[in-house]
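Following: one structure in structure tokens, then a few remarks.
Whatever order the structure lists ligands and atoms in, that order sets their numbers, starting from 1.
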Amino acid sequence: MGTAEKKGKLFIISGPSGTGKGTICKALLERNDIEISISMTTRAPREGEIHGVSYYFATREEFEKTIAEGGFLEYADVFGNYYGTPKAMVVEKLEQGRDVVLEIDVQGAINAKKVYPESVLIFILPPSLEELRARIVGRGTETEDVINLRLSKALEEMSYIDKYDYYVVNDVIDDAIIRTEAIMLAEHGRVIRDDVETMLDKYKEEKNVISIS
Ligand code: ADP
Ligand code: 5GP
């Protein structure tokens, strides 16, 4: 089987708000030949965010219409706003053999794993809750109330780590990026029992060509 016929892998990166998912995903995109899915959200754009790059910003009506049309691979209500992964792009890229990364919340990750059991779930942990708070405050994009809401949610989200395949502690950013890339590489070397026959086809063909007895 040639690589062109091989499906891409779906990597799902999640973890508490402020833990560094966005920073890690940005680096993954710069350093690897991968696709990052752009989500749709009803949250208001933050300063500097661009429609179609950071998110597809939508009204609740538009979002609910897409739900009704079955247009999401998964969606969730996160901190009072809808967030969802548009299905078409992800399916198309995976079919083309491209790896796709989703950066989504914990509920969404668990739902996506139900739809795509072969997806790889990676949980990004902060080195401590104190550092998590410092990062959210340092990012300067949330009000005090929103920061407290996100922090109080963090431990609850971490309790779902048993549903994940891997975790990465984001202490030193460069180490966290390398560890995430190592997981992605290792997943490409995983033996998929159902694919073994096809995997060995080219060797069987070659055996005939070079006539090994
Ligand atoms: P998330 O996407 O998980 O909400 P971000 O990637 O936006 O988190 O990171 C939150 C803040 O923490 C940002 O200001 C980012 O620059 C900073 N940050 C991310 N990783 C690290 C790290 N390893 N050490 C210090 N600061 C970090
Ligand atoms: P933020 O408002 O900080 O951009 O994102 C808030 C949370 O929503 C983060 O945990 C982020 O990972 C999550 N999120 C972003 N896009 C999606 C999505 O498409 N689906 C789900 N379930 N969560 C998402």
Side-chain angles (χ1 to χ4, degrees), residues 10-30 35-58 62-63 66-67 71-90 100-116 119 121-143 145-147 149-158 160 163-164 167-180:
L10 183 60
F11 293 98
I12 304 184
I13 297 195
S14 55
S17 176
T19 199
K21 303 178 296 290
T23 309
I24 292 172
C25 285
K26 189 166 170 278
L28 290 180
L29 187 61
E30 284 164 5
E35 305 281 343
I36 297 221
S37 159
I38 299 165
S39 298
M40 189 185 280
T41 183
T42 59
R43 155 166 94 55
R46 292 180 186 139
E47 208 181 308
E49 285 185 332
I50 301 165
H51 179 79
V53 177
S54 325
Y55 281 105
Y56 296 109
F57 296 100
E62 286 163 341
F63 199 102
T66 311
I67 298 176
F72 289 117
L73 190 151
E74 62 69 41
Y75 70 93
D77 186 316
V78 190
F79 311 118
N81 284 302
Y82 279 132
Y83 292 80
T85 306
K87 188 158 51 183
M89 176 271 191
V90 175
V100 180
V101 173
L102 309 185
E103 188 225 307
I104 61 177
D105 90 308
V106 173
Q107 310 165 55
I110 293 167
N111 288 337
K113 182 89 177 177
K114 287 180 191 148
V115 185
Y116 278 95
S119 60
L121 262 53
I122 306 172
F123 200 103
I124 310 295
L125 284 168
S128 67
L129 289 181
E130 209 179 337
E131 174 63 16
L132 183 62
R133 168 184 273 278
R135 286 185 192 169
I136 305 178
V137 171
R139 191 169 59 185
T141 51
E142 265 81 35
T143 61
D145 280 356
V146 173
I147 292 170
L149 179 67
R150 291 187 176 212
L151 274 172
S152 65
K153 194 90 195 295
L155 256 184
E156 188 196 323
E157 288 171 329
M158 287 184 208
Y160 289 97
K163 308 263 187 274
Y164 281 65
Y167 73 92
V168 171
V169 178
N170 178 19
D171 190 350
V172 176
I173 186 66
D174 288 350
D175 291 349
I177 296 162
I178 288 169
R179 280 175 183 275
T180 311

_Between T85 and Y75, is there a side-chain heavy-atom distance shorter than 4.5 Å?_
no
*Look at atom 16 (N) of ligand 2 and find which of S39, S37, A112 reaches it with the closest heavy atom.*
S39
*Within a distance under 4.0 Å of any heavy atom of A76, pick out the atoms of ligand 2 and give their elements.*
22 (N)
*Counting N and O atoms only, with roles assigned by atom type, does the side chain of T41 sit under 3.5 Å from a partner on the main chain of Y82, one being a donor and the other an acceptor?*
yes
*Heavy atom of S14 under 4.0 Å from ligand 2?*
no
*Specify the protein heavy atom at minimum distance from atom 3 (O) of ligand 2: its residue, its atom name, and the distance to 0.1 Å.*
R46 NH2, 2.8 Å
*Nearest heavy atom to atom 20 (N) of ligand 1: which of T23, D174, N170 does it belong to?*
N170
*OH/Y160: more than 12 non-hydrogen atoms of other groups inside 6.0 Å*: no
*Yes or no on side chain to side chain contact (heavy atoms under 4.5 Å, CB included) for R139 and R46, after CA distance, side-chain angles and deciding distance?*
CA-CA 11 Å; R139 191 169 59 185; R46 292 180 186 139; 4.0 Å; yes
_I'd like to know whether CZ of F11 has more than 12 heavy-atom contacts from other residues, nucleotides or ligands below 6.0 angstrom._
yes
*Is any N or O atom of E142, backbone or side chain, closer than 3.5 Å to an N or O atom of ligand 2?*
no
*Please identify which atoms of ligand 1 are closer than 4.0 Å to at least one heavy atom of K21.*
1 (P), 2 (O), 3 (O), 4 (O), 6 (O), 8 (O)
*Under 3.5 Å, N or O to N or O, is R150 touching ligand 2 that way?*
yes
*Considering only protein heavy atoms, which is closest to atom 10 (C) of ligand 1, and at what distance to one decimal place?*
G18 O, 3.6 Å
*Are any of the N/O atoms in S17 less than 3.5 Å from those in ligand 2?*
no
*Can you name the closest pair of heavy atoms from A112 and S119 and give their distance?*
O-OG, 4.3 Å
*When you look for heavy atoms under 4.0 Å from ligand 1, do you find them on the side chain of A176, its backbone, both, or neither?*
neither
_Among I104, V100, I110, I122, exactly one meets side chain to side chain contact (heavy atoms under 4.5 Å, CB included) together with I12. Which residue is that?_
I104
*Going by the side chain to side chain contact (heavy atoms under 4.5 Å, CB included) test, name the single residue among T23, T19, V169 that passes it with I124.*
T19
*With atoms numbered from 1 as shown, which atoms in ligand 1 lie under 4.0 angstrom from a non-hydrogen atom of S17?*
4 (O)
*Between the main-chain N or O of G15 and the side-chain N or O of K21, is there a donor-acceptor pair closer than 3.5 Å?*
yes
*For ligand 1, find out whether one of its N or O atoms is nearer than 3.5 Å to an N or O atom of G20.*
yes
*Closest non-hydrogen protein atom to atom 23 (N) of ligand 2, residue and atom name please, with distance?*
D105 N, 3.0 Å
*Using a strict cut-off of less than 4.0 Å between a Lys/Arg side-chain nitrogen and an Asp/Glu carboxylate oxygen, indicate whether K113 and E74 qualify as a salt bridge.*
no
*Heteroatom distance test (E49, ligand 2): nitrogen or oxygen, under 3.5 angstrom*: no
*asked:* Check R43 with E49, please: is the shortest side-chain N to carboxylate O separation under 4.0 Å?
replied: yes
*Contact between M40 and ligand 2, counting heavy atoms under 4.0 Å?*
no
*So do the side chains of V137 and I147 get within less than 4.5 Å of each other, counting heavy atoms only?*
yes
*Just which atoms of ligand 2 are under 4.0 Å from any heavy atom in T85?*
19 (O)
*Go through the side-chain N and O atoms of Y164 and S14 and say whether any donor and acceptor fall under 3.5 Å apart.*
yes
*asked:* More than 12 heavy atoms of other residues, nucleotides or ligands under 6.0 Å from CZ of R135: yes or no?
replied: yes
*Can you list the atoms of ligand 1 that are under 4.0 Å from a heavy atom of P16?*
3 (O)
_Between I136 and E142, is the side chain to side chain contact (heavy atoms under 4.5 Å, CB included) condition met? List the steps._
CA-CA 7 Å; I136 305 178; E142 265 81 35; 4.0 Å; yes
*Checking side chain to side chain contact (heavy atoms under 4.5 Å, CB included) for the pair Y116/L73: CA distance, chi angles, key distance, verdict?*
CA-CA 9 Å; Y116 278 95; L73 190 151; 3.7 Å; yes
*May I ask you to check whether V78 has an N/O atom sitting below 3.5 Å from an N/O atom of ligand 2?*
no
*Please state whether Y55 comes within less than 4.0 angstrom of ligand 2, counting heavy atoms only.*
yes
*With backbone taken as N, CA, C and O and side chain as the heavy atoms from C-beta onward, which portion of Q107 lies under 4.0 Å from ligand 2: side chain, backbone, both, or neither?*
neither
*Near R43, which atoms of ligand 2 are under 4.0 Å from a heavy atom of that residue?*
1 (P), 2 (O), 4 (O)
*State the atoms of ligand 1, each with its element, that fall below the 4.0 Å cut-off from a heavy-atom position in G22.*
1 (P), 2 (O), 6 (O)
*asked:* Below a 4.0 angstrom heavy-atom separation, can you tell me which part of E157, side chain or backbone, both or neither, approaches ligand 2?
replied: neither
*To which of R135, K26, E103 does the heavy atom nearest atom 12 (O) of ligand 1 belong?*
R135
*Check each atom of ligand 2 against the heavy atoms of K21 and keep those under 4.0 Å away; list them by number with element.*
10 (O), 12 (O)
*Are F72 and F63 close enough that their ring centers fall under 6.0 Å?*
yes
*Which atoms from ligand 1 have a heavy atom of I173 less than 4.0 Å away?*
20 (N), 23 (N)
*Using modelled atom types only, decide if a donor and an acceptor are shared between the side chain of H51 and the backbone of Y56 within a distance under 3.5 Å.*
no
*So which heavy atom in the protein is nearest atom 20 (N) of ligand 2, and how far is it from that ligand atom?*
E74 OE2, 2.8 Å
_Residue part near ligand 1, for D171, under 4.0 Å between non-hydrogen atoms_ = backbone
_Please report whether ligand 2 has a polar contact with Y75, defined as an N or O pair separated by less than 3.5 Å (distance criterion only)._
no
*Answer with side chain, backbone, both or neither: which part of K153 has a heavy atom less than 4.0 angstrom from an atom of ligand 2?*
neither
*How far is atom 7 (O) of ligand 1 from its nearest protein heavy atom, and which residue and atom name does that atom have?*
R139 NH1, 2.9 Å
